Amino acid sequence: MSSLDVARVELGLAVLYLNKAEARDKICRAIQYGSRFLSNGEPGTAQNVEKSTSLARKVFRLFKFINDLHALISPSAPGTPLPLILLGKSRNALLSTFLFMDQIVWLGRAGIYKNKARTEMIARISFFAWMGSSICGTLVEIGEIGRLSASMNKLEKELKNTNKHENEQYRTKVKMSKERSLALVKAAMDIVVAVGLLQLAPKKVSPRVTGAFGFATSLISCYQLLPSPAKAKTP
């Protein structure tokens, strides 16, 4: 491939990535929490950027609660243990609740819904729902990683006389394990972010700590949304 072809492919991937509303939301999230880290809760330019970006992000999430509502009523993957099914459905229900209530918060902060005190109360309840979904997500990922580890150990015993890394099924499981581990780190860090936003431990989880963890999880989300690179065609 010529350098122009490579540039065209790379720009095509960038366009594909930025066309996703979810990707734009996570980029804005990184800006929001990065600004929170810089401001450390103090008034100024960084805090103004954080507030304006937070409000802008709510538009990207309009009606997004339908996604988790659909996942809630959809059947689980065959063979999934009941505890993991219940945790997964709880995560969907809590996340859908958070996203639905977040729309009411947007109406309040945009000046459409006039009851400011109730808006702030709904915002706090929504953060508790988000924290609950992150806790459920953490437990789900721990359980799924455990299941993957057991199946990989079983497969390793079956492939003990061969090169396991040449086995497509083993490589797929390794890839899934890495993805699950990254999702586990993100979910666990999001719990800290929720604790910071709710000010449940203000001395330990300061606005700067919240901003740092939120920025890190935003970068993880941006990475998870990257499109698969196109494979170069051999002549």
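As the structure is a computational prediction, the values presented were derived from the model and not from experiment. Computed over heavy atoms, backbone and side chain alike; hydrogens, waters and symmetry mates excluded. The first residue in the sequence is number 1, and the count goes up from there.
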Can you confirm whether [X] sits close enough to [Y] that some side-chain heavy atom of one is under 4.5 Å from a side-chain heavy atom of the other?
X: L139; Y: R91; value: no
X: C28; Y: F60; value: yes
X: T138; Y: I191; value: yes
X: D68; Y: L72; value: no
X: V174; Y: K178; value: yes
X: D25; Y: K64; value: yes
X: V205; Y: F213; value: no
X: K164; Y: M152; value: no

Least distance between heavy atoms, [X] atom then [Y] atom:
X: K89; Y: A71; answer: NZ-O, 2.9 Å
X: S134; Y: D190; answer: OG-CB, 3.6 Å
X: F127; Y: A194; answer: O-CB, 4.5 Å
X: R36; Y: P207; answer: CG-O, 3.7 Å
X: F63; Y: Q103; answer: N-OE1, 2.7 Å
X: V49; Y: S35; answer: CG1-OG, 3.2 Å

**OP:** Please check if the side chain of Y17 supplies one atom and the backbone of C222 the other of a donor-acceptor pair under 3.5 Å.
**Re:**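 Yes, Y17 side chain to C222 backbone: donor-acceptor pair under 3.5 Å.
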
Subject >> Verdict with reasoning, R24 to I27, per side-chain contact (heavy atoms from CB on, under 4.5 Å) >> reply: CA-CA 5 Å; R24 294 196 300 273; I27 292 171; 5.5 Å; no

Shared hydrophobic cluster, [X] / [Y] (ILVMFWY, side-chain heavy atoms < 4.5 Å):
X: L197; Y: I220; result: yes
X: L184; Y: V140; result: no
X: L198; Y: I125; result: yes
X: V192; Y: I142; result: no
X: F98; Y: L94; result: no

**OP:** Could you please spell out the steps behind the salt bridge (charged side-chain N to carboxylate O under 4.0 Å, His left out) verdict for E141 and K186?
**Re:** CA-CA 10 Å; E141 297 304 335; K186 178 181 174 297; over 6 Å; no

Could you verify whether a donor N or O on one side chain and an acceptor N or O on the other, from [X] and [Y], lie under 3.5 Å apart?
X: Y170; Y: E156; value: yes
X: R109; Y: S54; value: no
X: D102; Y: S126; value: no

**OP:** Carefully, step by step, assess E179 and Q224 under the rule side-chain contact (heavy atoms from CB on, under 4.5 Å).
**Re:** CA-CA 8 Å; E179 291 172 352; Q224 290 173 324; over 6 Å; no

Does atom [atom1] ([X]) have a neighbourhood of more than 12 heavy atoms from anything else shown, all under 6.0 Å?
X: K20; atom1: NZ; value: yes
X: M189; atom1: CE; value: yes
X: R147; atom1: CZ; value: yes
X: Q199; atom1: CD; value: no
X: K51; atom1: NZ; value: no

Distance, nearest 0.5 Å, that separates [atom1] of [X] from [atom2] of [Y]:
X: S133; Y: L95; atom1: OG; atom2: CG; value: 4.5 Å
X: K175; Y: R180; atom1: NZ; atom2: CZ; value: 13.5 Å
X: K26; Y: T217; atom1: NZ; atom2: OG1; value: 8.0 Å
X: I112; Y: I104; atom1: CD1; atom2: CD1; value: 12.5 Å
X: K114; Y: L107; atom1: NZ; atom2: CG; value: 11.0 Å
X: S96; Y: H70; atom1: OG; atom2: NE2; value: 12.5 Å

**OP:** Output, in order, the C-alpha distance, side-chain angles, deciding distance and verdict of side-chain contact (heavy atoms from CB on, under 4.5 Å) for F128 and R124.
**Re:** CA-CA 6 Å; F128 272 111; R124 188 167 178 81; 4.0 Å; yes

**OP:** Taking only Lys NZ, Arg NE, NH1 and NH2, and the carboxylate oxygens of Asp or Glu, determine whether E166 and R171 approach each other closer than 4.0 Å.
**Re:**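 Answer for the salt bridge query: no.
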
Original post:
Is the gap between the ring centers of F65 and F100 under 6.0 Å?
Top reply: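 Ring-ring flag for F65/F100: true, centres closer than 6.0 Å.
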
Anything under 3.5 Å between a donor and an acceptor, one on a side chain of residues 79-88, the other on a protein residue two or more places apart or in another chain? List them.
residue : atom : partner : partner atom : Å
T80     : OG1  : A77     : O            : 2.7

Original post:
side-chain contact (heavy atoms from CB on, under 4.5 Å) between F37 and T210: does it pass, once the steps are laid out?
Top reply: CA-CA 7 Å; F37 173 80; T210 305; over 6 Å; no

For residues 40-48, tabulate all N or O donor-acceptor pairs below 3.5 Å that involve a side-chain atom, not counting sequence neighbours.
residue : atom : partner : partner atom : Å
N40     : OD1  : R208    : N            : 3.2
Q47     : NE2  : G41     : O            : 3.2
N48     : ND2  : G44     : O            : 3.3

